Amino acid sequence: MKAQLIKIIQTALTDLIQQEKLSEVDLPEIQIERTKDKLHGDFACNIAMMLAKPAKMNPRQIANLLVDSMKDVDFIDRIDIAGPGFINFFLSAKSTQQIVKDVLASGNTFGRSQVGKGKRVQVEFVSANPTGPLHVGHGRGAAYGSVVSSLLMAAGFDVHREYYVNDAGRQMDILATSVWLRYLDACGEQFTFPSNAYKGDYVLDIAATLKADKGELFRYQASEIFADVPLDEPQGGDKELHIDGLTNKAKTLLGESGYRQLFDLGLNSILADIRADLADFGTVYDEWFSERSLMESGVIDQAIETLKNSKSLYEKDGAWWFRSTDYGDEKDRVVVRDNGQTTYFASDIAYHLNKFNRGFDTVIDIWGSDHHGYVPRVKASLEAMNENADRLKVLLVQFAVLYRGSEKVAMSTRSGDFVTLRELREEVGKDAARFFYVLRGADQHMDFDLELAKTQSTDNPVYYVQYAYARVCSVFRQLAERNLVWDQVQGEIHLTRLVEEHEQALLTALARYPEVIESSALNHTPHILAHYLMDLSRDFHTYYNAHHFIIDDLELSQARLTLVSAVKQVIYNGLTVMGVSTPETM
RNA sequence: GCGCCUGUAGCUCAGUUGGAUAGAGUACCAGUUUCCGAAACUGGGGGUCACAGGUUCGAUUCCUGUCAGGCGCACCA
């Protein structure tokens, strides 16, 4: 519709210039927008105001000329000029009613767009370290990432959803060590649990599994293990050196294969838990990409070689540094430590190079806002390897600050004091949790009150939308009980009977859906879809209270049932994109 | 100190990329069910869009500065 209006204005403009009624100027982009107020018609255009200065004419005068030279088209009833020079278009009843037929004809595919056709997009999100269960902080990234992915699919993109598994590195060593120590404790060894180890209950569960599987195979005497390990912090030592010392002990005492078994047990049980958790949350992935596989395939070394060849690395204090300052970063970054080990940053360079080499047109990373300082250096590394860094889009999600009532909730995976995503889901349900997370813009700080989400879950807007859907279903159940049927053909013929204000509001709301999907997808703003669904539901509830659908006037009744069916379809399509269920009864 | 994000109704937040009289939910007050589900609807009060300048036909939106809050500034991941 917008495109057609733009075309009409464009031809009117060029006609005027040819007739020399308007001086020849650089034509700005023609903008058509939906009006906020019904009095201003359905669509408005501000072109006259934009042309006023370059053409040196009064904007209302320009608007008059434009409207006069526009040709009559059947889908427009009337064109007004208002205010400082807005051109307001009033659509004909026939064209607004057409949307109902479009919705029903397209069904589940209504609203899908082709803007992304032929373009491959990779979306990487959550990617939490597998050192513990997901907590509510990860929930926002999971909900946001999966809805952004669904939106991009609805917009025609070929989407690849990926989780980057940090299955290498020190944090995982600490987890393995934590499991081992809990296992030793279960075997009856006496010692003080390190302050820096993972303390969550899930570690105890994994340790119990280990004991059940291996018996006392991995048991060593505490006195032997702790003998020459640096002291822990409470004993006046260093907690980092203490835990690292214990990890080294685990490696030497258990041997490579024993340690690997321990390590993998921890990794796999937690990863399995995360996968199941995300699946239950309605978040699915196309690929789980292992950091370890990256190391073993030699991609990291390759990336480092590439950087060395482009003279982007230099050696200082025994380490290799990347010249990220050349690309606007605040300081240079280490990629190979003086002990020869590559840094996490080196892995990330290689991972992004790998992503680019897989041929995606766009690579989207969804990160917590605490990683924002990381963006410049990753982009810098890509540029240094002669890649177009614009292909990488990093979307930052602000933290949800947890409250229990008015009290802030402290969260630490290490201490085990956190609210898991699973707990949240069990309390408020998948649908409410997803909707709640996605209701706010990603760059908006969010206050997440657990009490509110848990105890007042019926106040959650998701029920408002689901109820609208259930109500439509209920209408059709009622219809069947009265031995009546919905006749879509008759309904479509009599759509002209839909003249009530509430019906007009619903018709324009339905017509907006494809625009909402497209702009939500391209701008990565799922909250626009969430708000749209609430608006549409409100329009429906209002209509429902004002008018009856099952009435003696059969023509009007069929027309209304047809309209309401279209509403049901659009709510269904929208909630499906959001990964929220559509119960027929509640 | 530097960088990123934010500041809109009592509270939680929208505001369609610069448009017309700034909107929802919630809370509060007052109403609506012999009739398709009251998890709904109708009405009401509630605002210096943090503050000060600038850009222009026009600013909550863009620019600069100030104030306030969150986060980040490792040879950790």
Side-chain angles (χ1 to χ4, degrees), chain A residues 31 33-37 39-40 44 46 48-50 52-53 58-59 82-86 88 129 131 166 168-172 174 240 291 316-321 329-331 333-339 341-345 347-348 368-376 396-399 401 439-449 452 456 458-461 463-464 466-468 470-479 481-482 484 512 515-516 519-520 523 525 527-528 530-532 534-535 537-538 540-551 557 560-561 564 585-586:
Chain A
Q31 294 170 14
E33 53 192 13
R34 284 192 179 274
T35 55
K36 289 179 194 160
D37 192 331
L39 292 172
H40 301 136
N46 62 355
M49 275 115 78
M50 296 180 73
K53 198 166 192 188
N58 181 312
F86 288 104
N88 293 331
N129 281 348
T131 52
N166 293 106
R170 182 164 170 267
Q171 295 307 319
M172 288 306 298
I174 295 176
E240 307 291 348
E291 181 188 2
K316 194 183 92 181
D317 303 331
W320 283 91
W321 297 70
D329 197 6
E330 45 193 37
K331 57 172 289 193
R333 310 289 174 177
V334 172
V335 287
V336 185
R337 290 195 274 262
D338 55 7
N339 64 8
Q341 280 196 325
T342 55
T343 61
Y344 177 83
F345 179 42
S347 293
D348 245 10
S369 62
D370 55 332
H371 285 73
H372 74 259
Y374 208 71
V375 180
L396 298 171
V397 180
Q398 295 293 323
F399 274 5
V401 183
L439 199 52
R440 309 300 179 211
D443 53 10
Q444 189 67 241
H445 302 274
M446 191 164 99
D447 286 347
F448 199 125
D449 185 344
L452 193 75
Q456 299 189 6
T458 49
D459 285 344
N460 196 301
Y463 296 111
Y464 187 78
Q466 288 182 322
Y467 180 47
R471 253 187 163 175
V472 180
C473 296
S474 172
V475 168
F476 284 93
R477 278 195 299 273
Q478 189 62 226
L479 194 69
E481 274 178 34
R482 299 187 196 179
L484 297 169
R512 273 179 59 210
E515 298 165 23
V516 167
S519 80
S520 300
N523 298 313
T525 49
H527 72 277
I528 290 181
H531 282 270
Y532 166 80
M534 288 163 65
D535 290 343
S537 300
R538 181 171 40 251
F540 171 75
H541 287 306
T542 308
Y543 180 42
Y544 182 93
N545 272 65
H547 299 285
H548 283 258
F549 313 146
I550 304 172
I551 48 177
S557 181
R560 286 181 173 171
L561 289 170
V564 161
T585 56
M586 295 174 66

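Chain letters run A, B, ... following the sequence lines, proteins first and then strands; every chain starts at 1. Model, not experiment: these values are computed from the prediction.
Among the heavy atoms of the strands lying under 4.0 Å from Arg538(A) are primed sugar atoms or P, OP1, OP2 only; no base atom is included. Among the heavy atoms of the strands lying under 4.0 Å from His527(A) are primed sugar atoms or P, OP1, OP2 only; no base atom is included. If you check every strand for non-hydrogen atoms under 4.0 Å, His541(A) touches sugar and phosphate atoms only. The residue Asn88(A) sits close to a base: some heavy atom pair falls under 4.0 Å. Residue contacts for Tyr544(A): at a heavy-atom cut-off of 4.0 Å it reaches a base atom on one of the strands shown. Within the 4.0 angstrom heavy-atom criterion, no nucleotide atom of any strand lies near Ser347(A).
Rounded to whole Å, the C1' atom of G54(B) lies 30 Å from the corresponding atom of C71(B). Spacing of C1' atoms, G46(B) relative to G18(B), comes out at 28 Å, to the nearest Å. Separating the P atom of U60(B) from that of G1(B) is a span of 31 Å, rounded to the nearest Å.
When the nucleotides A40(B), A20(B), C41(B) are ranked by their closest atom to the side chain of Thr542(A), C41(B) comes out on top. Residue Ala44(A) has its side chain nearest to A20(B) when only A40(B), A20(B), C36(B) are considered. Comparing C41(B), U16(B), G19(B) by their nearest atom to the side chain of Lys36(A) picks out U16(B). Here the side chain of Ala319(A) is nearest to one of U42(B), C36(B), C75(B), namely C75(B). With G37(B), C71(B), A24(B) as the choices, the nucleotide that has an atom nearest any side-chain atom of Gln478(A) turns out to be G37(B). With A39(B), A40(B), C36(B) as the choices, the nucleotide that has an atom nearest any side-chain atom of Arg482(A) turns out to be C36(B). In this structure, of A20(B), C75(B), C36(B), it is C75(B) that holds the atom nearest to the side chain of Val334(A). Among the nucleotides C36(B), U17(B), A77(B), the one closest to any side-chain atom of Asn523(A) is U17(B).
Remark: Tyr463(A) OH to Ser537(A) OG distance equals 14.5 Å, nearest 0.5 Å. Rounding to the nearest 0.5 Å places OH of Tyr532(A) at 11.5 Å from OG of Ser519(A). Note that CD of Glu515(A) is 8.0 Å distant from CZ of Arg512(A), once rounded to the nearest 0.5 Å.
Remark: the Asp370(A) side chain and the G72(B) base include no donor-acceptor N/O pair separated by less than 3.5 Å.
The backbone N or O of Ala319(A) lies less than 3.5 Å from no partner atom in the side chain of Asp317(A), so there is not a single donor-acceptor pair. At distances below 3.5 Å, not a single donor-acceptor pair connects side-chain atoms of Thr343(A) with backbone N or O atoms of Val336(A).
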Do nucleotides 2-13 of chain B as a string where each nucleotide becomes B, S or -: B if the base has a protein heavy atom under 4.0 Å, S if just the sugar-phosphate does, - if no protein is that close.
-BBBS-----BS
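Nucleotide U60(B) is shown with an anti base, its glycosidic torsion being more than 90° from 0. In this structure, U17(B) shows a glycosidic angle within 90 degrees of zero, which is the syn conformation.
Between the side-chain ring of Phe86(A) and the base of A20(B), a stacking contact exists by the 5.5 Å and 30° definition.
Close to U42(B), at under 4.0 Å from its OP1 or OP2, lies no side-chain N or O of Tyr543(A).
In this structure A50(B) sits in a base pair with U66(B), meeting the Watson-Crick or G-U test at under 3.5 Å. Across all strands shown, A24(B) forms a Watson-Crick or G-U wobble pair with U12(B), both key distances being under 3.5 Å.
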List, with names and distances, any nitrogen or oxygen atoms from the protein found under 3.5 Å away from nitrogen or oxygen atoms belonging to nucleotides 54-57 of chain B.
residue : atom : partner  : partner atom : Å
C57(B)  : OP2  : Lys53(A) : NZ           : 3.3

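Defined by atom type and a distance below 3.5 Å, a donor-acceptor pair is missing between the side-chain atoms of Thr131(A) and Gln171(A).
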